[in-house]
Asks: 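Okay, here's the structure, questions in a sec.
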Amino acid sequence: VDMFVKCGRIGNARDVFEQLPERDIVSWSSLLAGYAQMGHSKRVLKVFNRMRSEGIIPNLVTFLALMSSCNHNGLVYEGMMVFNDMSSFYCLAPTIEHYTCMIDLLGRAGHIGDAISVITNMPYHPTIGVWLSVLAACRKWGDIELGLQAFDNALMVDENDTALYVCMSNIYVDADVDDRG
């Protein structure tokens, strides 16, 4: 299942999955990740519900696939529900990857203030990935001031990461184009 998913052959992955004599959390999560990578958010949620109905308890990988699907399809409400259910219903502590995905989801949807609130309240020190997500949101939504704050925070994590400088430069370029436009 995982091999076909990684090759982008989701139909073959599904066929192999359906033929398995027993399905464990690894096979379910692999199929979910495949649908998430292909942008099939409705299938992801359908497979997740089927998995739960068959008594399989999701793990952190499962939730990352679910959140990734919500993120890349703009499903803010669903992503927030998944994130909250992970800890409140399944007693799983979100990792920095889950927090980064949530921050990216909120930022893409224009909820940059909520994304900053997540950063402030998460039990991890923000990584470069977290700040790059905020910078991408600032670029998309034209928020230079918050972009500068995110840039300054990111420099404290790794001042040698060239992606930070590129992102900040792009924020300024886009703002200048908008001002002239």
Side-chain angles (χ1 to χ4, degrees), residues 1-124 126-141:
V1 174
D2 188 55
M3 178 196 69
F4 279 123
V5 162
K6 288 180 178 167
C7 293
R9 309 282 309 258
I10 193 67
N12 294 98
R14 183 192 59 242
D15 292 344
V16 169
F17 176 82
E18 294 298 341
Q19 294 173 15
L20 291 173
E22 288 185 40
R23 297 176 193 104
D24 61 8
I25 190 60
V26 174
S27 56
W28 282 101
S29 293
S30 294
L31 188 62
L32 281 168
Y35 281 126
Q37 289 170 11
M38 301 302 285
H40 301 299
S41 60
K42 289 181 181 177
R43 290 246 177 159
V44 169
L45 296 174
K46 187 175 178 179
V47 169
F48 179 66
N49 288 332
R50 180 178 163 203
M51 180 187 93
R52 290 187 319 173
S53 73
E54 291 188 19
I56 304 296
I57 298 170
N59 64 14
L60 291 170
V61 174
T62 311
F63 281 106
L64 197 55
L66 286 167
M67 291 181 65
S68 176
S69 177
C70 292
N71 185 7
H72 293 290
N73 289 287
L75 304 174
V76 177
Y77 175 77
E78 292 84 349
M80 291 173 65
M81 293 300 295
V82 167
F83 185 77
N84 291 330
D85 284 353
M86 180 171 53
S87 56
S88 63
F89 190 72
Y90 292 99
C91 300
L92 295 171
T95 66
I96 188 66
E97 289 83 9
H98 295 96
Y99 278 100
T100 303
C101 193
M102 178 55 60
I103 291 160
D104 195 49
L105 170 65
L106 292 167
R108 285 177 190 238
H111 304 285
I112 304 174
D114 292 334
I116 297 300
S117 179
V118 170
I119 293 168
T120 303
N121 293 309
M122 70 181 184
Y124 302 100
T127 63
I128 287 294
V130 165
W131 293 121
L132 286 171
S133 291
V134 174
L135 286 167
C138 290
R139 179 181 184 193
K140 179 177 181 178
W141 300 104

Asks: Taking the six-membered ring for Trp and the full ring for Phe, Tyr or His, determine whether the centres of F48 and W28 are under 6.0 Å apart.
Replies: no

Asks: Under 4.0 Å between a side-chain nitrogen and a carboxylate oxygen: does that hold for E54 and R50?
Replies: yes

Asks: Do Y35 and R14 make a side-chain contact, defined as non-hydrogen atoms from C-beta onward lying under 4.5 Å apart?
Replies: yes

Asks: Rounded at 0.5 Å granularity, tell me how far NE2 in H72 sits from NE2 in H40.
Replies: 14.0 Å

Asks: Around atom CZ of R9, are there more than 12 heavy atoms of other residues, nucleotides or ligands at under 6.0 Å?
Replies: no

Asks: Before you tell me yes or no, could you show the steps for V82 and L75 under side-chain contact (heavy atoms from CB on, under 4.5 Å), namely the whole-Å CA-CA distance, both residues' side-chain angles and the distance that decides it to 0.1 Å?
Replies: CA-CA 11 Å; V82 167; L75 304 174; over 6 Å; no

Asks: As a quick check of understanding, evaluate side-chain contact (heavy atoms from CB on, under 4.5 Å) for I25 and I57, giving each step before the final call.
Replies: CA-CA 7 Å; I25 190 60; I57 298 170; over 6 Å; no

Asks: Test P94 against every option in C101, S87, P123 by the side chain to side chain contact (heavy atoms under 4.5 Å, CB included) rule and name the one that passes.
Replies: S87

Asks: Can you find a side-chain donor-acceptor pair between S41 and S69 that sits under 3.5 Å?
Replies: no

Asks: For a quick test of reading the model, state the closest non-hydrogen atom pair linking V61 to S29 and the distance between them.
Replies: CG1-CB, 4.1 Å

Asks: Given the rule in the side-chain contact (heavy atoms from CB on, under 4.5 Å) test, do D24 and I56 qualify, once you have shown the distances and angles that lead to the verdict?
Replies: CA-CA 7 Å; D24 61 8; I56 304 296; 6.0 Å; no

Asks: Around R43, counting heavy atoms of other residues, nucleotides and ligands shown, do more than 12 lie under 6.0 Å from its CZ?
Replies: no

Asks: Give me the atom names and distance for the closest heavy-atom approach of R108 to A137.
Replies: N-CB, 4.5 Å

Asks: Would you confirm whether N121, through its side chain, and S117, through its main-chain N or O, come within 3.5 Å as a donor-acceptor pair?
Replies: yes

Asks: Quick check on the 6.0 Å ring-centre criterion: do F83 and F63 meet it?
Replies: no

Asks: If you define the side chain from C-beta out and look only at heavy atoms, does anything of I112 sit under 4.5 Å from W141?
Replies: yes

Asks: Is L60 close to L64 at the side-chain level, that is, under 4.5 Å between some pair of heavy atoms?
Replies: no

Asks: Check whether any side-chain heavy atom of M122 sits under 4.5 Å from a side-chain heavy atom of I96, and report yes or no.
Replies: yes

Asks: For residues T62 and N59, is any side-chain donor paired with an opposing acceptor at under 3.5 Å?
Replies: yes

Asks: When you measure from the side chain of K140 to the backbone N and O of G110, does any donor-acceptor pair fall under 3.5 Å?
Replies: no

Asks: Going from CD1 on I10 to CD on Q37, what distance comes out if it is rounded to the nearest 0.5 angstrom?
Replies: 8.0 Å

Asks: Step by step, work out the side-chain contact (heavy atoms from CB on, under 4.5 Å) result for L105 and M67.
Replies: CA-CA 8 Å; L105 170 65; M67 291 181 65; over 6 Å; no

Asks: Output yes when a side-chain donor or acceptor of N49 lies under 3.5 Å from a complementary backbone atom of L45, and no otherwise.
Replies: yes

Asks: Measure the spacing between CD1 of I103 and CG of L132 and express it to the nearest 0.5 Å.
Replies: 12.0 Å

Asks: Looking at S88 and N84, would you say the former's side chain and the latter's main chain have a donor-acceptor pair under 3.5 Å?
Replies: yes

Asks: Between R23 (side chain) and F17 (backbone), is there a donor-acceptor pair under 3.5 Å?
Replies: yes

Asks: Keeping the roles fixed (side chain from H98, backbone from T95), state whether a donor-acceptor pair exists under 3.5 Å.
Replies: yes

Asks: Taking atom CD1 of I119 and atom CG of D114, what is their separation to the nearest 0.5 Å?
Replies: 11.0 Å

Asks: Nearest heavy-atom pair of V5 and G34: which atoms, and what distance?
Replies: CG1-CA, 3.4 Å

Asks: When you compare the side chain of N73 with that of V44, does any pair of heavy atoms fall below 4.5 Å?
Replies: no

Asks: Indicate yes or no for a side-chain donor-acceptor contact from S30 to the backbone of V26 under 3.5 Å, with no hydrogens or angles considered.
Replies: yes

